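For reference, the structure is listed below as structure tokens.
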Amino acid sequence: MHRTWITTLTTSFLAVGSWAATVKYDWEITWVNASPDGFVRPVIGINGKWPCPVIEANVGDTIVVNLTNRLGNETTGLHFHGIKQTNTNFMDGAVGANQCPVPPNATFTYCFLADTPGTYWYHSHNMGQYPDGLRGPLIIHDRHDPYSSYFDEDVTLTVSDWYHDESITLVRQMLQPNNTDFLIPTPDSVIVNEGRDGIIYVEPGKSYRVRVINFSAFAAAFITFGDLPMNVIMTDGTYVEEETNIKQLRITPAQRYDVILNIGSNALGSNESSTLLPYLVVLDVNPDYTNTSAELDWPYNFTGALTQHHTPLDAKPVPLEVDSFDPFDDARFAALDRQAAWGPVTAHWVLNFDFCADANGIPRACFNGTTYLEQKVPTLYSAATLGRANVQPSAYGQVNPFVARRGDVLEIVLNNHDPALHPFHLHGHQFQVIERPYSGAGDWRRTRAPPDVEAPVRRDTVGVFGNSYAVLRIVVDNPGVFLFHCHIEWHVEMGLTATLIEAPDRLVGYPIPQQHLDVCKSIGIPTSGNAAGHKAWWDHEGFVTVPPTVYNGSVRASRLSSAI
Ligand SMILES: *[C@@H]1O[C@H](CO)[C@@H](O)[C@H](O)[C@H]1NC(C)=O
Ligand SMILES: *[C@@H]1O[C@H](CO)[C@@H](O)[C@H](O)[C@H]1NC(C)=O
Ligand SMILES: *[C@@H]1O[C@H](CO)[C@@H](O)[C@H](O)[C@H]1NC(C)=O
Ligand SMILES: *[C@@H]1O[C@H](CO)[C@@H](O)[C@H](O)[C@H]1NC(C)=O
Ligand SMILES: *[C@@H]1O[C@H](CO)[C@@H](O)[C@H](O)[C@H]1NC(C)=O
Ligand SMILES: *[C@@H]1O[C@H](CO)[C@@H](O)[C@H](O)[C@H]1NC(C)=O
Ligand SMILES: *[C@@H]1O[C@H](CO)[C@@H](O)[C@H](O)[C@H]1NC(C)=O
Ligand SMILES: *[C@@H]1O[C@H](CO)[C@@H](O)[C@H](O)[C@H]1NC(C)=O
Ligand SMILES: *[C@@H]1O[C@H](CO)[C@@H](O)[C@H](O)[C@H]1NC(C)=O
Ligand SMILES: *[C@@H]1O[C@H](CO)[C@@H](O)[C@H](O)[C@H]1NC(C)=O
Ligand SMILES: [Cu+2]
């Protein structure tokens, strides 16, 4: 029976349109050596290669990723960032929430509908693996792109901080009782397009849609093309009203911008004396990114260039100088479809973020005083098997659960008690950004009238400034288990994650593919019951309540399997 589920999904998706196709990727996840910044280190690649390939599909296509773990010494999993996974919540890829870790030599097949156009990315959502390289762009093309006449070519530009040590080493150093300042690893460099040269080939007189994706584990980046203006048409997976003439953008980890660059016919000089048009990416490592004082240290700069095909490549672009950073306020974009703020609001989920320490004095990050701890049973599998008791938050263990009823308009309020900016991401939705004040605004207050935003920008990752807050809104219409977390990977490892249990009435008996259950079985993880696998939802025996003192990252499942 379990052989047919891909066919079933594919067939039902095919109804979307006669052109719909299936795009399939057969991937072995493997260790490879790479040196994107000149320093050789082991990275996690695909089919023996790194950088990882691009997933590309058209709206209406079915994307199938047939993954086999050939790492030998670590488990894995893939999350498709920004994809809603409507009716396929078990394909969301968050290990511990939506699936079990995939152990060495196991195969796990992802299959989902490319339902919304945009610039997305995929990455491991299994303890600390994406800074080790397991990430790539995911582009969904739109046959009815409202901006199709604005550009001739489509290019992707990824930006990332980069580390010479492996994540597991870095996280072990971070999770020590003596790290009382909650310091996180600092990057060794900034890389563009995973270490390729950063040259973007353009032709005079043409227009380019540049999809800028931030793969960073920590640092936000500023990007500027100097005097060449950027026209922004999309934020994450949402078209916005074209915002022209932007000179600087700040991209926090996990965010994306689609920008149009119009290359003037004389912008690159003549054939004989062709110029390189530089662009600058500056990794922002100052604790509160709103402080752009000149005294700050900006150690990680990358200068790339736009150039004509025939420009000699030994020419080096002249680094751009920027006097001050004053990026465009991304809360000011307006959704192209002019959807008003959803309402009236019928539920609130208020989360206060602070750093904290666990019972062993190890630094952690907390929502309302509680750090996220992965439980034995993936949260979705509990929701699917507990019957009507799946509305009980305490059945899920210490995953900071919040149960939202179908049809509610839910306001998610994040109070950031840290003086630094943190990029918060919700799986399964493009939320509306209702309010995102500048740093120092303090906590949100329920009594104050909400601001009047006409066509709030929608996105899946929002930068929340230091000692300030953000108010996000969703309609509770996508049954599933979705994580809400800081996208600084190091903070995820400190436990800065919460879990939205959305429309639990529609999760009773949710059809988890047999292959996914088999993967759990192979490493001894139960697939039903509460967080510890008990039929009685109130039985907390065996719930994980204290973080392990030794961080094993994605190696952790090894203790569960005699096979490894
Ligand atoms: C996925 O790959 C594995 C290993 O290469 C293969 O045995 C299996 O048939 C593939 N599954 C699908 C659905 O293509
Ligand atoms: C797994 O193997 C790779 C490649 O040899 C190595 O770089 C990495 O450190 C190993 N991971 C662990 C957790 O031991
Ligand atoms: C913290 O302790 C670890 C070992 O317990 C040590 O290696 C490290 O240097 C210490 N760090 C600081 C900042 O003292
Ligand atoms: C990517 O995000 C990181 C983390 O917030 C940030 O430091 C970096 O500046 C961002 N890069 C770009 C190009 O915006
Ligand atoms: C510039 O060079 C390209 C390629 O070498 C050629 O196709 C084009 O005609 C040249 N343009 C001019 C204006 O000379
Ligand atoms: C900004 O940073 C500078 C240099 O570290 C510091 O002197 C200044 O007080 C900061 N300004 C604010 C408003 O935090
Ligand atoms: C990086 O670029 C900024 C802006 O032009 C400049 O202020 C800074 O000095 C540069 N840093 C380095 C290390 O070149
Ligand atoms: C978190 O704490 C705040 C402040 O006490 C409270 O208003 C809010 O309801 C709490 N949130 C949850 C999810 O318990
Ligand atoms: C972590 O790995 C070590 C071996 O490296 C093992 O002894 C220990 O039991 C593991 N701990 C957990 C919690 O998995
Ligand atoms: C995975 O399969 C390969 C080839 O069959 C085998 O050599 C290896 O020992 C297996 N690894 C694990 C961890 O089971
Ligand atoms: Cu964070």
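When a ligand or atom number is given, it counts from 1 through the structure's own listing order. As a basis for the values below, the full set of heavy atoms in this structure was taken, side chains included, without hydrogen atoms, waters or symmetry mates. This one's a predicted model, so the numbers in the text were calculated from it and none came from an experiment.
- For ligand 2, the atoms lying closer than 4.0 Å to a non-hydrogen atom of Glu74 are 11 (N), 12 (C), 13 (C).
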### Query
Do His125 and His81 pass the side-chain hydrogen bond (donor to acceptor under 3.5 Å, both in side chains) test, and can you show the C-alpha distance, the side-chain angles, and the key distance before you say yes or no?
CA-CA 10 Å; His125 213 299; His81 184 116; over 6 Å; no
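- For ligand 7, one of its N or O atoms has an N or O atom of Val322 under 3.5 Å away.
- Annotation: His425 is not in aromatic contact with Trp121 [ring centroid separation under 6.0 Å not met].
- At a threshold of 4.5 Å between non-hydrogen side-chain atoms, the residues Glu74 and Asn126 do not count as touching.
- Rounded to the nearest 0.5 angstrom, Tyr110 OH and His516 NE2 are separated by 7.0 Å.
- Remark: the Thr158 side chain and the Glu194 side chain contain no N/O donor-acceptor pair separated by less than 3.5 Å.
- Under the side chain to side chain contact (heavy atoms under 4.5 Å, CB included) criterion, Pro53 pairs with Trp27, Ile46, Tyr122, not counting sequence neighbours.
- Within the listing of ligand 2, atoms 7 (O) sit less than 4.0 angstrom from a heavy atom of Pro42.
- The aromatic ring centroids of Phe424 and His491 lie 6.0 Å or more from each other.
- Contact annotation: the side chain of Leu268 approaches that of Val202 to within less than 4.5 Å [non-hydrogen atoms, C-beta and beyond].
- The atoms of ligand 2 that sit less than 4.0 Å from any heavy atom of Val555 are 13 (C).
- Residue-ligand proximity, Glu166 to ligand 2, at heavy-atom distances under 4.0 Å covers atoms 6 (C), 7 (O), 8 (C), 9 (O).
- At a threshold of 4.0 Å, the pair Lys24-Asp26 counts as salt-bridged, since one of the basic side-chain nitrogens sits closer than that to a carboxylate oxygen.
- Atoms of ligand 7 lying under 4.0 Å from any heavy atom of Glu321, numbered from 1 in the order shown and given with element: 5 (O).
- Near Leu320, meaning under 4.0 Å from any of its heavy atoms, are these atoms of ligand 7: 5 (O).
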Can you give me a line-by-line list of nitrogen or oxygen pairs between ligand 3 and the protein shorter than 3.5 Å?
| residue | atom | partner | partner atom | Å |
| --- | --- | --- | --- | --- |
| ligand 3 | 2 (O) | Asn178 | ND2 | 2.4 |
| ligand 3 | 11 (N) | Asn178 | ND2 | 2.8 |
| ligand 3 | 14 (O) | Asn178 | ND2 | 3.1 |

